[in-house]
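Only this structure's heavy atoms are used, side chains among them; waters, hydrogens and symmetry mates stay out.
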Amino acid sequence: MVAVTSERYGRRRPMMRTMHDILRLANAFCESQALLSAVELDLFGALRDGPATERDLRLRLGLHGRGLPDLLRLLVVLGLLHEDGGRYRNAEVADRHLVGGGPGYAGGALLGVKANLYPLWGELTETLRTGRPRSASDDFAAMLDDPDELRRYTRMMDGTLQPLVPELLKAVDWAAYRSFLDIGGCRGDLAGQLVQAYPHLTGHVFDLPQLEPLFDEHMADQGTTGGVIFHSGDFFADPLPQADVLILGHVLHNWSRDRREQLMRAAFRAVRPGGVLVVHDRMIDAARPTVDNLVTSLVMALVTEEGEEYAIDEVIELAESAGFASASHQPLDDNETLVVCRTSGRS
C-alpha cells in the first residue's frame, strides 16, 4: 500500500446572509476588471519611483481622465494603493507583486487572465449545457504558431507559477539528487531557478517543439544556458528523458483521469531508482473544498476538452497503480497541493 501523510486543508466560502451579499457577489467581476485594467495600463509601475497625483498619472499613462479619480479611489479601498493629500502610492503588496521586474511579479498571470480567461467566463452557461469548452483545441494549435500569442502564453504560465517557486525550491531535498525533468515545463522558468539555487543539478525540460526558441531566449536571459536542456516532444507519444526528480506541475489538470494515469505511468518509467515524482496542482480536497480551487476546475472546463481539478486521493491511487512505493501530500500554499511520489529506496 502507498503510505499517505495528510495535512489539514481549510474550507473557504463567502457568507451569504442578505440580498446585498448576493448582489455583491454578482458584481465582484467589476473589482476584478478594475485590477486588470490597472495592470494593463501599468498604473502600479508608474508609481514605482514614488507618489504621484491624479494629474501626474493621467499624463504619464496617456489617459483621458474620465473615470481615473474613481479608479484610484477604488484601488485605495481595495488595499492596493494608499492616498495622502491627493498623492497616490503603491501599497506594499502592489509594489511586491504588481510592479514589473521583481521576482514576485504577478502581472504576466493577470494579463493572461485579462486576455484569455475573462472573456470565456461569460460563456460558462453554454459549457454547462453542452459540456463543451469555449476555447477549442485548434485555438491552442493556432496560438502555438503565433509568436506574439505564444509569448503572452508563456508569460502567463510563468506568472501563475511564480508565487509557488520559493516553496518548490524547498519541497524536495535537492542536494540528494543530481538531475530533474520538468514535464510540460514551458520556457523553463522553474528549471532555470532550480539550477541557479542548486548549481550541482542538471535540469531538463520536456515540452512542445514550438517552445524551444523561447526556452533558449529565457535561459540566456537567466544566465542558465547549458544548465538546462530542452527536449521537444509529445508526452503521450514520446518517452520521457530519465532523471532523479520528475515534476508534473499544472499538467495533470488538463486531462481526463485515463490520461492522467497514462502520464503517471510514463513518469514512473522515467524516474531513476531512488528518485521521486513531484506533482502539484490546485487539487480538490473533497472533505474541505475551497472556492478558489472549485473556480479553477470550472476554468479547466472552459478551456480544455477534458480537464478538471482532481482529488488528492486520486493522485495517491494513481501513484500506487503506476508502481511508486509511497506518496505523501501537503499544502504548497493556500490553494496548491504538493504530492511527492517515491520509488523504492527512498523513505
Side-chain angles (χ1 to χ4, degrees), residues 27-122 143 146-166 186-190 192-193 211 213-215 217-218 220-223 250 292 299 303 333:
N27 285 283
F29 71 93
C30 302
E31 296 172 17
S32 300
Q33 182 60 71
L35 167 61
L36 296 176
S37 290
V39 172
E40 194 171 27
L41 292 168
D42 196 26
L43 187 149
F44 302 102
L47 292 170
R48 174 189 288 109
D49 297 326
T53 65
E54 173 199 323
R55 181 178 183 277
D56 294 333
L57 291 168
R58 176 170 60 82
L59 295 175
R60 288 180 195 175
L61 300 175
L63 303 179
H64 176 277
R66 184 180 184 190
L68 180 59
D70 290 330
L71 175 66
L72 294 172
R73 287 193 287 263
L74 176 57
L75 294 173
V76 170
V77 173
L78 293 174
L80 295 170
L81 294 181
H82 296 303
E83 186 268 337
D84 183 18
R87 294 172 64 80
Y88 295 89
R89 59 183 173 87
N90 288 332
E92 182 182 349
V93 69
D95 260 338
R96 190 164 61 246
H97 298 301
L98 298 175
V99 175
Y105 181 57
L110 295 178
L111 292 174
V113 167
K114 175 71 162 60
N116 300 318
L117 297 185
Y118 204 86
L120 296 179
W121 271 98
M143 182 271 294
D146 183 325
D148 292 336
E149 288 298 311
L150 184 58
R151 191 174 295 276
R152 182 168 66 180
Y153 170 78
T154 60
R155 286 197 296 264
M156 180 176 70
M157 293 297 99
D158 290 351
T160 300
L161 183 65
Q162 191 57 47
L164 304 173
V165 169
C186 202
R187 64 175 185 164
D189 194 59
L190 172 61
Q193 294 187 64
L211 288 157
L214 294 180
F215 167 87
E217 177 185 285
H218 196 49
D221 289 342
Q222 285 190 324
H250 298 166
D292 291 340
V299 168
V303 303
D333 73 357

Test R73 against E83 for salt bridge (Lys or Arg N to Asp or Glu O under 4.0 Å), laying out the working first.
CA-CA 8 Å; R73 287 193 287 263; E83 186 268 337; over 6 Å; no
Between G159 and A109, what is the shortest heavy-atom contact and its length?
C-CB, 3.5 Å
Under a plain distance cut-off of 3.5 Å, with no hydrogens placed, do Q162 and D158 share a side-chain donor-acceptor pair?
no
Look at the side chain of H97 and the backbone N and O of G104, then say whether any donor-acceptor pair between them is shorter than 3.5 Å.
yes
Between E217 and D221, is a side chain to side chain contact (heavy atoms under 4.5 Å, CB included) present by the stated rule, with each step listed?
CA-CA 6 Å; E217 177 185 285; D221 289 342; 4.2 Å; yes
Show the nearest heavy-atom pair for residues L161 and L190, with the distance to one decimal.
CD2-CB, 3.5 Å
What pairs with Y88 under ring pair (Phe, Tyr, Trp, His ring centres under 6.0 Å), at least two apart in sequence or on another chain?
none
Measuring from atom CZ of R155 to atom OG1 of T160, what distance do you get when rounded to the nearest 0.5 angstrom?
13.0 Å
How long is the gap from CG on L214 to CZ on R151, to the nearest 0.5 Å?
5.0 Å
Rounded to the nearest 0.5 angstrom, the CG-CG distance for L75 and L98 is 9.5 Å
Residues at least two apart in sequence or cross-chain that pass side-chain contact (heavy atoms from CB on, under 4.5 Å) with P213, listed by chain then number, are none
Tell me whether D95 contacts the main-chain N or O of E92 through its side chain, where contact means a donor paired with an acceptor under 3.5 Å.
no
Separation of S32 OG from N27 CG (nearest 0.5 Å)
11.0 Å
So does T53 get a backbone contact from the side chain of R87, meaning a donor-acceptor N/O pair under 3.5 Å?
no
Reported CG-to-CG distance for the pair L80 and N90, which is rounded to 0.5 angstrom
9.0 Å
Do Y118 and Q33 make a side-chain contact, defined as non-hydrogen atoms from C-beta onward lying under 4.5 Å apart?
yes
